[in-house]
Amino acid sequence: IIHARMSSNRLPGKVLMPLGEKTILEIIYDRVSMASTISKIVVATSIETSDDPIAFFCQKKKLNCFRGSLDNLQSRMFQTLKFYGEQSFVRICGDSPFIDPSLIDLASNLYDQGNFDVVTNTQIRSFPKGQSIEVISKNLMEPGKFDDLPDWSCEHLCQGVYSNYTQFSILNFSSGFDLGDRQMSIDTELDYKNAQKIFHNSSSPPLNWY
């Protein structure tokens, strides 16, 4: 599930900004589709009119799209899973046009090999920003199941789980490097300009994060 909205605080509308011949959202969708462990990709946006452009874009490009709550990301993810009949999902942020398909496969395979609630590379940040992967059980998205956990519905979807990690089975995988401060996501205008340079100088930016 790629979660995307137009109302980003620092760079509104970034998901539909162009990089080369495609939009950021389309590039992310294409890169995720290259992961061999992924059989279905869904763009999850909100029902707010501000996100109509995302829904219209997905319709035009024939991309799967589901619309739910803007502020309650937990609910949006759960309703998406319920609609498509899935029991787990890979969470991809809509600001990651350099996401590495091989990392998605690595995380998905690790999730399938154990009885985990979450497999992630975000708790000990060794990968650059923009290479964040979380494979999450539908069980954790059930509305009201963990009302006692803080920040459950905030932008950081699993913050409540991570802050109560002893209650859950969480696996964090590492790159083996200390690169958590490197920027490969698009949060600001400067990030966008840097990404434009990469796409301008290369007709096919590398798939790997390194």
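Hydrogens, waters and symmetry mates are skipped; everything else that's a heavy atom, side chains included, is used.
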Exercise for the section: List the steps, then state whether side chain to side chain contact (heavy atoms under 4.5 Å, CB included) holds for I198 with L19. Expected result: CA-CA 9 Å; I198 294 174; L19 282 179; over 6 Å; no
Completion exercise
Separation between CG (D95) and CE (M184), nearest 0.5 Å, reads 12.0 Å
Practice task
Verify whether the ring centers belonging to Y29 and F57 lie closer than 6.0 Å.
Solution key: no
Problem - Close side-chain approach of M17 to T23, heavy-atom, < 4.5 Å - result: no
Practice task
Give the minimum heavy-atom separation between R5 and T45, together with the two atoms involved.
Solution key: CA-OG1, 4.2 Å
Completion exercise
Output for pair (D178 CG, S126 OG), nearest 0.5 Å, gives 8.5 Å
Practice task
Check R10 against T188 and note the closest heavy-atom contact, atom names and distance.
Solution key: CD-CG2, 4.4 Å
Completion exercise
Scanning both residues in full, the closest heavy-atom pair of G130 with S96 reads O-CB, 3.5 Å
Practice task
Verify the neighbour count for atom CD1 of I124: are there more than 12 heavy atoms of other residues, nucleotides or ligands below 6.0 Å?
Solution key: no
Handout entry: Smallest separation among heavy atoms of M6 and P53, with atom names
Key = CE-CB, 4.3 Å
Practice task
Starting from the C-alpha separation in whole Å, work towards a yes-or-no answer on side chain to side chain contact (heavy atoms under 4.5 Å, CB included) for I1 and V90.
Solution key: CA-CA 6 Å; I1 301 176; V90 181; over 6 Å; no
Handout entry: Distance in Å, S88 OG paired with E134 CD, rounded so as to fall on 0.5 Å steps
Key = 13.0 Å
Exercise for the section: Group every Ile, Leu, Val, Met, Phe, Trp and Tyr by side-chain heavy-atom contacts under 4.5 Å, then state whether L70 and L11 land in the same group. Expected result: no
Practice task
Can you run down the salt bridge (charged side-chain N to carboxylate O under 4.0 Å, His left out) pairs that involve residues 22-33, sequence neighbours left out, and say none if there aren't any?
Solution key: K22-D30, E26-K61
Handout entry: Sub-4.5 Å side-chain heavy-atom contact between Y111 and S137
Key = yes
Practice task
Name all pairs fulfilling the salt bridge (charged side-chain N to carboxylate O under 4.0 Å, His left out) condition that reach into residues 109-133, sequence neighbours left out, sorted by first residue then second.
Solution key: none
Handout entry: Nearest-0.5 Å distance, CE of residue M77 to OG of residue S69
Key = 10.0 Å
Handout entry: Under 3.5 Å: donor-acceptor pair, side chain of D51, backbone of I54
Key = no
Handout entry: Side-chain heavy atoms of I27 within contact of F98, under 4.5 Å
Key = no
Problem - Gap separating the CG atom of N139 from the CG atom of L81, nearest 0.5 angstrom - result: 11.0 Å
Practice task
Calculate, to the nearest 0.5 Å, the distance between atoms OG and CD1 belonging to S33 and I41 respectively.
Solution key: 5.0 Å
Problem - Y84 atom OH, over 12 foreign heavy atoms within 6.0 Å - result: yes
Problem - Residue of the set L106, T122, L110, N121 for which side chain to side chain contact (heavy atoms under 4.5 Å, CB included) holds with I133 - result: N121
Exercise for the section: Could you check if a side-chain atom of Y192 sits within less than 4.5 angstrom of a side-chain atom of P18, using non-hydrogen atoms only? Expected result: yes
Practice task
Output, in order, the C-alpha distance, side-chain angles, deciding distance and verdict of side chain to side chain contact (heavy atoms under 4.5 Å, CB included) for R67 and D52.
Solution key: CA-CA 10 Å; R67 305 185 72 172; D52 284 350; 2.7 Å; yes
Handout entry: F173 ring center near F127 ring center (under 6.0 Å)
Key = yes
Practice task
Determine whether the side chains of R76 and H3 contain a donor N or O and an acceptor N or O closer than 3.5 Å.
Solution key: no
Handout entry: Residue pair I28, I92: steps toward the side chain to side chain contact (heavy atoms under 4.5 Å, CB included) verdict
Key = CA-CA 9 Å; I28 297 171; I92 303 294; 3.9 Å; yes
Practice task
Kindly indicate whether the side chain of W209, heavy atoms from C-beta on, has any atom under 4.5 Å from the side chain of I99.
Solution key: no
Handout entry: CG/N115: more than 12 non-hydrogen atoms of other groups inside 6.0 Å
Key = no
Handout entry: Joint hydrophobic cluster, V161 plus F89, side-chain heavy atoms closer than 4.5 Å
Key = yes
Practice task
For residues I136 and L157, determine if any side-chain heavy atom of one lies less than 4.5 Å from a side-chain heavy atom of the other.
Solution key: yes
Exercise for the section: Indicate if M34 and V42 have the same hydrophobic cluster label, given that clusters are the connected sets of ILVMFWY residues with side-chain heavy-atom separations under 4.5 angstrom. Expected result: no
Problem - Aromatic centroids of F83 and F66 separated by under 6.0 Å - result: yes
Problem - N-O pairing of E86 and K138 below 4.0 Å - result: no
Handout entry: Any I24 side-chain heavy atom under 4.5 Å of L16 side chain
Key = no
Exercise for the section: May I ask you to check whether T37 and D105 show a side-chain donor-acceptor distance below 3.5 Å? Expected result: yes
Problem - Minimum heavy-atom distance I38-S108, with the two atoms named - result: CD1-OG, 4.4 Å
Handout entry: Residue pair Q123 / L171, side-chain heavy-atom distance below 4.5 Å
Key = no
Handout entry: Shortest non-hydrogen contact from G94 toward I2
Key = CA-CG2, 4.1 Å
Exercise for the section: Using modelled atom types only, decide if a donor and an acceptor are shared between the side chain of S185 and the backbone of D187 within a distance under 3.5 Å. Expected result: no
